Structure formats: structure tokens, C-alpha cells
Amino acid sequence: MNPTPTARATRLLRSTVQRIVAVLRRKVLFRYRLVLITLVAIAVGIGVGAVWGPTGWFPPSSTILTVLAGGLLLKRKSLAFLLGVVVAVLLFVAFMLDFGQVGPGLVVTIGVTAVMSYLLSGVRERLGVQGLSGEMMLLDLRDRLRDQGKLPQVPSGWGRTAVLRQAGGSSFGGDFVVSIRREHRLDIAVVDVSGKGVDAGTRALMLSGAFSGLIGAVPAGDFLAHCNDYLMRNSGGEGFVTAVHLSVDTETGEYQVTSAGHPPALHFDSGGGVWSTTEAKGVVLGVIPEMTYTSVPGKLRPGDAIMLCTDGLIETPGEDLDAGIDRLLGAADTLVTQGFATGASEVVDTLSKDKNDDCALVVLWRT
């Protein structure tokens, strides 16, 4: 016997509903079904409460909280389903009450919040994390970069300090320090990644780990050459890097300075009471393959000091670089009068004032 039209319609409706439920289970509710169901229930509860609950207890504008939570906790497909529910709830409230409860201001606010939440959810989905995990990862990377910038302990008769400031007060910047001490040998490198902001900070995070490994694994005289080789293999044309490398024998005070397009290191001679620039020069890293870098020797006697810095302390747009170096030499006298340990921060504050650039300063001295 042929089924009646009503039976066929019922069967078709049941089949359609089953397919929709299967799609929702597979693509929308699979991993985040509990969170999604909870947020949907809250949104529906707000709508029901706004219509039949106590006046003022369930304002329709509170649905914005579910949208924000969805942006933090859900993937885009799940969030899109939630946004559809929120729209349905607002239409229901407007139909049952009056459209004054869901005015243009509320619609625009929830619309902007929905767009921002959807974009935020997309970024987290690309990272493969949800909730606040992405921010926690960035904080962990920032702390690791700062830890790498801490100079190792030095033997008796020596002192060291390092000051790093990011442009605009950001947590990430393109300047970083790597260092290592092996017995009586101390190696310090100050590195400046080209660019500013997030791009420079991202490259600095990547390169700090690589350079930190190289500084303890290759001979001191070959450090910058190996850094250059690494950049030529992995930079992908993202820009150049400048660096200065200091290798000191803490028993004799003898040192080697090697530079790759970096501002010169400054040597303080306690006998004459003056600062002077070292002559170490070289091509920036990541531009020319198979580069070699020549070290310039020197010696730190008791009372002497050596300073390494990045161009954020000496460069001013429209001004000659030598003028910036002269200004640094003048400010370096603060280190002598106030002490190398306490005067470094003041030097950075003075020279970086009104500048939007990353800055780094390292001072090593003999007592």
C-alpha cells in the first residue's frame, strides 16, 4: 500500500531533522557541545526571562555576555550557531514585547561585538588554542625572552648590568641580549632586529633562542658568522639584524669585540677618565652569505668598563649618527659619577626620551 501524502511529509520532515542534528553533532557540537549548550541555554533563558520574568531582571542587552564568552571559548562554527540563537532571541523579545526593548543602539552594539568575537575566535582557531591559552603562551614566551636577557653571574672583581626597554611600553621588542659564562670566559651579544612592533618582537622571540644556542656552541670568534649563516638559511627575506659580540677573559681582562652593522662598543679607561669607541665593524647579518667578521682586541683593567648598546639610544631622524654617538659619550659620564650599576637606567631614560624605538644597554666593568 502506498503511503499517504501526510505520511510521506512526516517521513521527509523526520529525515531532514535527523540530518540537521547529525550535522550539528558532527560539525558544531563535537568538541565544544557542553560550552555551546550552556551559552545557548543562557541566551534562551535571557529571552524567556525578558518576556515573562520580573521587569528589569533579564535585559536583552545581557545577551552580549554570551557573545563575548563564545568569542573566547568557541570555534567559529559553534560561535556562528550561537550568534544565530542570539539573533532569534532578540527577534523573539522584540516581537513579544515591543521594538523599544531591542533598539538600534543594542543591535549595533551586539553586531560589533559579534564581529569582534568572530574574528577573535578565528585567530584562536588558527593557533589551535581556545580561551586564554593564547595569551598565556605569549606571556610565557615574553618571560622566556626576558630570562634569556639576564646576564650570568660574574666572578669577584667584576660587575655587570643590562637594561632593555621596548618601544611604546610594549612587552615585546626587537632588541634582546644573549650571554653565557664558561669558566673564565664570558660572552655577551646585544642584538637588534630590524623593524618595530609585533613583527620585530616575533622575530626576536625566534632568533633569541637560536642565538642563545649558538653563543654556547661555537668558538667566540665565529659566533657572528654562524648567526649570519643561520639567518641566510632561515630569514626568508624578512629583514636584516645587527649585533655586537663581546668575549671577555675574566682572569686577565682581555676581550674581543666583533660587530655586524651595530653601534660601536664604548670602552671607559679609568686611567684617563674618558670613554672611547672601539673600531669593530662589519656587515649586518642576514644580507651577504658566508661573511666573516674580524674581532678587535682590548683589555679591561681594574676600574675600566665596556658598554654595548643598540641604535635606539643614538639614532634620531634627520640627525647624523656621529652626533648620537657624541651624545651617548656625554651621557656615559653618568655611569662614572653615579656608578655603573645604578647609572645605566638613567642613561637609557635620558637618551630614549621622546623616542619610539626599542633600546638595550649592557655594561660590564672591573671593580
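Keep in mind that what you see is a predicted model, and the values were worked out from it rather than measured. Sequence positions, counted from 1, serve as the residue numbers for this chain.
Less than 6.0 angstrom separates the ring centroid of His267 from the ring centroid of Tyr255.
Note on Met116 and Val67: separate hydrophobic clusters, where clusters join Ile, Leu, Val, Met, Phe, Trp and Tyr whose side-chain heavy atoms are under 4.5 Å apart, directly or indirectly.
Using a 30° and 60° split on the angle between ring planes, Phe211 and Phe223 fall in the perpendicular class, above 60°. Using bins of under 30°, 30° to 60° and over 60° for the plane-to-plane angle, the ring pair Phe268/Phe340 lands in the perpendicular bin.
Counting heavy atoms from C-beta outward, Asp304 and Asp269 have side chains that approach closer than 4.5 Å. Two residues are said to be in side-chain contact when any heavy atoms from C-beta on lie closer than 4.5 Å; Val190 and Thr310 meet this criterion.
Contact record, Leu207 with Tyr230: CD2-CE2, 3.7 Å, taken as the closest heavy-atom pair. Nearest heavy-atom pair across Ala43 and Val85 is CB-CG1, 4.4 Å. Nearest heavy-atom pair across Ala50 and Val93 is CB-CG2, 4.2 Å.
Remark: Thr342 pairs with no residue by the side chain to side chain donor-acceptor pair (under 3.5 Å) rule, at least two apart or across chains. Residues passing the ring-ring contact (aromatic ring centres under 6.0 Å, His included) test with Trp52 are Phe92, sequence neighbours excluded. In this structure Asp187 satisfies the salt bridge (Lys or Arg N to Asp or Glu O under 4.0 Å) test together with Arg182, sequence neighbours excluded.
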Open item on the list: Between Val363 and Leu335, does the side chain to side chain contact (heavy atoms under 4.5 Å, CB included) criterion hold? Intermediate values first, please.
Closed with: CA-CA 9 Å; Val363 184; Leu335 293 170; 4.1 Å; yes

TODO: In sequence, state the C-alpha distance, the side-chain angles, and the governing distance for Val177 and Ile188, and then conclude on side chain to side chain contact (heavy atoms under 4.5 Å, CB included).
DONE: CA-CA 7 Å; Val177 178; Ile188 303 172; 4.1 Å; yes

Using distance only, find each side-chain donor-acceptor pair of residues 281-301 under 3.5 Å and give its atom names and separation, not counting sequence neighbours.
from   : atom 1 : to     : atom 2 : distance (Å)
Tyr293 : OH     : Val283 : O      : 2.9
Ser295 : OG     : Thr258 : OG1    : 2.7

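Applying the salt bridge (charged side-chain N to carboxylate O under 4.0 Å, His left out) definition to pairs two or more places apart or across chains, none involves residues 331-347. Residue pairs satisfying the side chain to side chain donor-acceptor pair (under 3.5 Å) criterion with at least one member in residues 213-228, sequence neighbours excluded, are absent.
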